Amino acid sequence: MLGKHILGYLPVQIARAVVGFGGVAILTRLMPTEMYGQYALALAAMHITAMAFHTWLDAAVARFHARADARGHLASHLATIYSSFAFVGTGVIILGGIALWAAPLNIELKTALGFGLAALTLRSILAIGIESRRAAGQVAAYSIFETANVLGGFALGIAILMATPLGAAGPIAGMALASLITLFFEFPSQARKSATGKPRKRRAMLYFAYGLPVSISLVFEHLLSAGDRFLIAGLMNEAAVGIYAAGYGLADRTIDILFIWLGTAATPLMIRALEKEGPDAARRVAGQSARVMGLIGFPAATGLALVAAPLSTVMVGEEYRAGATLILPWIALAGLMKGLMTYYFHESFILKRKTRWMAAIMGGAAVFNISLNLVLIPVFGIAGAAAATLVSYTLSLVACAAIGRALFPLPLPWLDWGRSALAAGVMALVVYALPVQGPAILVLLAKAALGGAVYVVIALALNIAGCRSWLGIAQSWWRPAEARP
């Protein structure tokens with residue numbers, strides 16, 4: 001079941017990979033470092049605002065959709081969600097507009113932030129619909145709408161950047177336009193589903209009580225991963241932010257895409273198993289998810305660290321490369337810590353509905369990270385920010401694992417994780433010893449191909465996370481329909 005869902009969500013993750021790598025590769029060649037820094041700051045502010053005010057609704061959709069559907073309350077559930085969004089979203093637009101008008105910022109950054117306000121509003125209402133589809137197990141519909149939105153935003157953003165004088169605001173304007181277009185096709189079905197329902201104040205308060213700690217936790221988590229950009233801007237300059245964001249994006253976005261992929265497939269299965277069959281069924285799904293995360297996450301982080309130099313040379317503009325190469329290994333490892341924490345150990349708090357603990361842990365981690373950045377950035381520059389990120393994620397991972405185990409114990413598949421680490425270690429030794437010289441693209445392809453081949457052979461030989469069964473699933477997809485049993 002989990003393997004089929006993971007493969008079903010693959011198109012979305014391919015789209016995110018294209019945008020993640022393509023965005024860094026193209027934008028760092030079209031934008032000078034200062035403009036890219038403004039874009040990174042606006043994007044970080046946009047995501048923090050969305051998490052603070054809108055993500056609690058997404059969390060409520062994910063957690064309560066199955067229950068509402070089983071009890072025949074789906075229309076009321078959706079009506080409550082959308083009416084709550086209308087109330088909160090209006091306030092965000094008004095207060096955000098006033099804040100932008102009063103803020104003592106340069107016009108380029110203000111413009112980017114203004115488009116960010118529009119983009120986060122449109123994206124947030126779209127997210128409710130596609131999150132409902134994911135919670136309902138509508139894998140194909142979710143993948144179609146999310147893939148269209150991601151790729152459309154990327155393409156439109158590049159076009160606007162090249163065709164208009166919007167500068168850093170161009171790519172963000174593309175995201176807003178893509179969300180608007182996707183909403184035109186996705187929202188009508190959600191409106192029909194909620195048409196017969198009535199918003200319920202008590203239900204809204206329940207959702208808010210559950211989702212607010214999730215939002216707070218994600219705000220703190222985003223501050224942990226992106227808050228250092230504001231500190232770099234203050235302690236250094238916007239050009240340094242651009243260089244840091246480019247290197248950070250190469251590593252973190254790659255790891256994040258993989259873990260989002262796995263979490264997107266596993267979380268709704270865990271929740272449905274808990275609601276229908278009980279805690280033990282949820283733990284079985286969780287254990288399988290953890291094994292797959294080790295299978296994919298360990299080699300991904302190791303591989304990124306191994307190819308930092310050729311990857312930076314190929315993927316980013318020349319003025320970004322030295323800085324990107326410097327921080328990429330740190331962020332790759334930090335991304336692994338972040339992925340395991342967010343998409344596995346956080347499930348203890350979500351399944352038990354004790355999200356306040358999650359918010360408290362991430363709040364402490366964010367404060368620690370900011371303090372450590374204030375110490376390390378003046379001494380080590382952007383390398384200090386990367387080191388602070390790694391230390392902070394490692395400590396918060398340990399805290400989430402320990403506290404979450406007391407609330408809702410999740411399986412810890414040490415044997416499969418150990419096998420994944422062993423396979424990744426052998427892969428690292430082989431790639432490190434590879435005597436390849438020449439153009440960066442050839443070095444990158446040679447190391448990636450050899451490392452991937454070595455890891456796949458070892459993983460199949462050890463059957464890590466039962467990966468041999470994935471071959472049968474993939475073969476069934478390509479088998480003619482009349483030949484299937």
Side-chain angles (χ1 to χ4, degrees), residues 23-24 27-28 31-53 55 92 95-96 99-117 119-120 167-169 171-172 215-253 256 320 323-324 326-327 330-331 334-335 338 362-393 396:
V24 173
L27 294 180
T28 57
M31 292 179 168
T33 54
E34 184 176 0
M35 183 185 293
Y36 192 81
Q38 293 167 351
Y39 163 72
L41 291 171
L43 205 61
M46 167 184 155
H47 287 154
I48 289 172
T49 304
M51 290 172 183
F53 295 101
T55 302
V92 170
L95 294 176
L100 278 177
W101 175 77
L105 302 173
N106 60 62
I107 188 63
E108 293 83 6
L109 187 54
K110 275 194 175 186
T111 303
L113 289 169
F115 277 100
L117 183 61
L120 74 89
I172 300 175
S215 283
I216 294 172
S217 174
L218 289 173
V219 167
F220 284 135
E221 185 176 330
H222 200 68
L223 284 173
L224 203 163
S225 64
D228 48 13
R229 298 176 189 186
F230 298 99
L231 295 175
I232 293 170
L235 296 172
M236 299 175 71
N237 50 58
E238 291 179 351
V241 175
I243 295 171
Y244 181 77
Y248 197 109
L250 278 179
D252 180 72
R253 191 68 184 271
D256 207 34
Y320 297 84
L326 176 65
I327 70 169
W330 296 85
I331 301 303
K338 171 188 173 184
M362 298 315 301
V367 171
F368 176 79
N369 178 253
I370 291 171
S371 302
L372 195 57
N373 269 286
L374 290 172
V375 173
L376 297 181
I377 290 175
V379 180
F380 300 105
I382 61 173
T389 299
L390 174 57
V391 172
S392 300
Y393 270 126
S396 55

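These numbers were taken from a predicted model, which means no experiment stands behind them.
- Remark: Ile377 CD1 to Leu372 CG distance equals 9.0 Å, nearest 0.5 Å.
- Nearest heavy-atom pair across Ser215 and Ala52 is CB-O, 4.2 Å.
- Across every non-hydrogen atom of Leu376 and Ala387, the tightest pair is CD1-CB, 4.4 Å.
- Closest approach of Ser392 and Phe368 over heavy atoms only: OG-CD2, 3.5 Å.
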Could you list the donor-acceptor pairs under 3.5 angstrom formed by side chains in residues 230-240, with sequence neighbours left out?
{"from": "Asn237", "atom 1": "OD1", "to": "Ala239", "atom 2": "N", "distance (Å)": "3.2"}
{"from": "Asn237", "atom 1": "OD1", "to": "Ala240", "atom 2": "N", "distance (Å)": "2.7"}
{"from": "Glu238", "atom 1": "OE1", "to": "Gln38", "atom 2": "NE2", "distance (Å)": "3.3"}

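- Residues Gly363 and Phe220 approach most closely at CA-CD1, 3.1 Å, considering heavy atoms.
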Between Tyr244 and Ile331, does a side-chain contact (heavy atoms from CB on, under 4.5 Å) hold up when you go through it step by step?
CA-CA 11 Å; Tyr244 181 77; Ile331 301 303; 4.2 Å; yes
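- Heavy atoms only, all atoms of each residue included: Ile327 and Ala386 are closest at CB-CB, 3.9 Å.
- Taking all atoms of both residues into account, the shortest heavy-atom contact from Asn373 to Ala385 is OD1-CA, 3.2 Å.
- Applying the side chain to side chain contact (heavy atoms under 4.5 Å, CB included) criterion to Leu105, with sequence neighbours excluded, gives Ala103, Leu109, Lys110, Leu113.
- In this structure, the side chain of Tyr320 engages the main chain of Pro32 through a donor-acceptor pair within 3.5 Å.
- Applying the side-chain hydrogen bond (donor to acceptor under 3.5 Å, both in side chains) rule to Thr389 yields the partners Asp228; only residues at least two apart in sequence or on another chain are considered.
- Between the CG atom in Leu374 and the CG atom in Asn369 there is a gap of 9.5 Å [rounded to 0.5 Å].
- Considering Thr33, Leu326, Thr28 in turn, Thr33 is the only one that fulfils the side-chain contact (heavy atoms from CB on, under 4.5 Å) rule with Ile243.
- Looking at Thr55, its side chain does come within 3.5 Å of a backbone N or O of Ala50 through a donor-acceptor pair.
- Tyr248 is not listed as a side-chain neighbour of Val24, based on a closest heavy-atom distance of 4.5 Å or more.
- The distance from atom CE of Met35 to atom CG of Leu27, rounded to the nearest 0.5 Å, is 10.5 Å.
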